[in-house]
J.: 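Pasting a structure below so you can have a look.
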Amino acid sequence: MVITNELTINKKRLNRNMEQLAEFGKLGDTGVCRPTLSAIEKQAFAKVAEWMEAAGMTTRLDNCGNLIGRKEGKDPEAPVVMTGSHIDSQPNGGRFDGTSGVLCSVEAIHTMSEKGIIPDRPIEVVSFCDEEGWRFNKGLFGSRGITGNLDADELNRKDKDGITREQALRDFGCDPEKITESVYPPGSIHSYIELHIEQGPLLEKVNQPLGIVTGIAGPLWLTVKVKGFAGHAGTVPMDMRQDALAGASEMIIAFNEIVKQDPASTTVGTVGDLKVSPGSRNVIPDEVEFTIDMRDIDKDRRNMYEQQLRESCRNIAEKHSLTVEIIEDQRTDPSYCSSWIKEVIRSESMDMGLDAPKMMSGAFHDALIMSSVSDYGMIFVRCKDGISHNPEEYASQDDLAVGAELLYRTLLKMAQHEAH
Ligand code: GLV
Ligand code: MN
Ligand code: MN
């Protein structure tokens, strides 16, 4: 097992940066609320940019709201090796989701610069814009932006206060008119590596600090809009009602049954947000909107379950004399990590005395989008009780430091001309 006081990276500096970043948008003792494109994220970006510059990188904010630090390579024209993650958080999130990947990357580059190492290929560290997706109901914005995967209506999406993504980008200092200038030309990204906390319980179970990701489940995000007719809660007989919430509740239960039908499958499904109108206890609800998040590494199965869900919603709506509309917010295919990067991670981790297990990611990451333009890999870091998207999320300083060390070694190999 690797001994943490023999690490090349600076564990103390990494830990200090993690603690300082957690102050931006701090909630309670350990929670964080750092919405994408918010004033608080802007302040946090300024801090991260300062650390990137201290680490020997030049920095820029692109027009998609990504913060990008660049460590020049011996061959500045060579396609870049990219690493990073995100620092936007869930509304009541933890302090390790995303931040670990950004700050371990900055630490890896800082160590390179201190040792006077100039990689063959340039390396860029990216803090991607809006990975989480809850503010505008569609995530992975920054990675979709640089890979040319934005939709036509993307900038018109509104948050709960009616602010458009376009306005939020402007307020953040970006120029949405020039958003396409942020796209990297084909072939200019050599490869991508992301470190992230596991957000699940497996590494703790097998008593290992790090894991090697094999693939990422693809998320399907839908919004279901159910319409009925409002009426008096005390007078309309039960058999005359068009209660949108009674119908939506049945749809949600049906969705759970669909996703659970095969206990051996990796499919998961969540309804995480629900709006009821007009929202009065003595009015029969006439409109309900709820979100669907369904994921699987098996795209065919996910598609089959989606068809079952659509059919159930139609049948339930008919039974309650309702109408139902299903809007697609995000549909991303699952993807498998590149063999050569998994192999680099494996051999470097073995060299460190680790026996890192291979594992799939149920959570999505910017890496999933980067896979559309380049080879990619991921390193997972153990997190306590598998808790994430929760203020109780926790990864130890030792585990993060060992993760940063493995990332440092992996990046050095990926940035060598002879590596792939
Ligand atoms: C990312 O935060 C996800 O929901 O997987
Ligand atoms: Mn994340
Ligand atoms: Mn997250």
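Worth knowing before you read on, the calculation uses all heavy atoms, side chains too, and leaves out hydrogens, waters and symmetry mates. Values in this document were obtained by computation on a predicted structure and should not be read as measured data. Whatever order the structure lists them in is the order used to number ligands and atoms, beginning at 1.
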J.: Of the backbone atoms (N, CA, C, O) and the side-chain heavy atoms from C-beta on, which set of E132 has a member under 4.0 Å from an atom of ligand 1: side chain, backbone, both, or neither?
T.: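 For E132, only side-chain atoms sit under 4.0 Å from ligand 1.
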J.: Between ligand 1 and F364, is the shortest N or O to N or O distance under 3.5 Å?
T.: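 Yes; at least one N/O pair falls below 3.5 Å.
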J.: Check whether E393 reaches the backbone of D97 with its side chain - one donor and one acceptor, N or O, closer than 3.5 Å.
T.: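 Here the side-chain-to-backbone pair exists.
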J.: Does K384 count as lying over the ring of Y394, i.e. NZ or CZ under 6.0 Å from the six-ring centre, within 45 degrees of the axis?
T.: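 No.
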J.: Would R34 and E41 count as a salt bridge (charged side-chain N to carboxylate O under 4.0 Å, His left out) if you check the C-alpha gap in whole Å, the side-chain angles of each, and the deciding distance to 0.1 Å?
T.: CA-CA 6 Å; R34 201 181 301 124; E41 194 191 37; over 6 Å; no
J.: Which one holds for H365 and ligand 1: side chain close, backbone close, both close, or neither close, with close meaning a heavy atom under 4.0 Å?
T.: neither
J.: Run the numbers for me: atoms of ligand 1, each under 4.0 Å from some heavy atom of A363, listed by number.
T.: 5 (O)
J.: Quick check against the 3.5 Å criterion: does D296 have a side-chain atom that pairs as donor or acceptor with the backbone of K299?
T.: no
J.: Students should be able to answer this: which protein heavy-atom is nearest to atom 5 (O) of ligand 1, and at what distance?
T.: R295 NH1, 2.6 Å
J.: Does the side chain of D175 reach to within under 4.5 Å of the side chain of R170, using non-hydrogen atoms?
T.: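 Contact flag for D175/R170 side chains = yes.
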J.: Using the Mn ion (ligand 2) as the apex, give the angle to atoms NE2 (H196) and NE2 (H86), rounded to 10 degrees.
T.: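 That angle works out to 110° after rounding to 10°.
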J.: Report, rounded to 10°, the angle at the Mn ion (ligand 3) between the two atoms NE2 (H389) and OD2 (D97).
T.: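 For NE2 of H389 and OD2 of D97, the angle centred on the Mn ion (ligand 3) reads 90°.
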J.: Checking only N/O/S atoms, does E132 have one that is under 2.8 Å from the Mn ion (ligand 3)?
T.: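 It does; at least one qualifying atom falls short of 2.8 Å.
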J.: Looking only at atom types and distance, does a side-chain atom of N10 sit under 3.5 Å from a main-chain N or O of K12, one as donor and one as acceptor?
T.: yes
J.: On the ring face of F141, is R165 found with NZ or CZ under 6.0 Å from the centre and within 45° of the axis?
T.: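 Checked: cation-pi criterion met.
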J.: Give yes if a backbone or side-chain nitrogen or oxygen of H389 is under 3.5 Å from a nitrogen or oxygen of ligand 1, and no if not.
T.: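 Yes, H389 has an N/O under 3.5 Å of an N/O on ligand 1.
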J.: Heavy-atom contacts with E131 under 4.0 Å: which atoms of ligand 1 show up? List them by number with element.
T.: 1 (C), 2 (O)
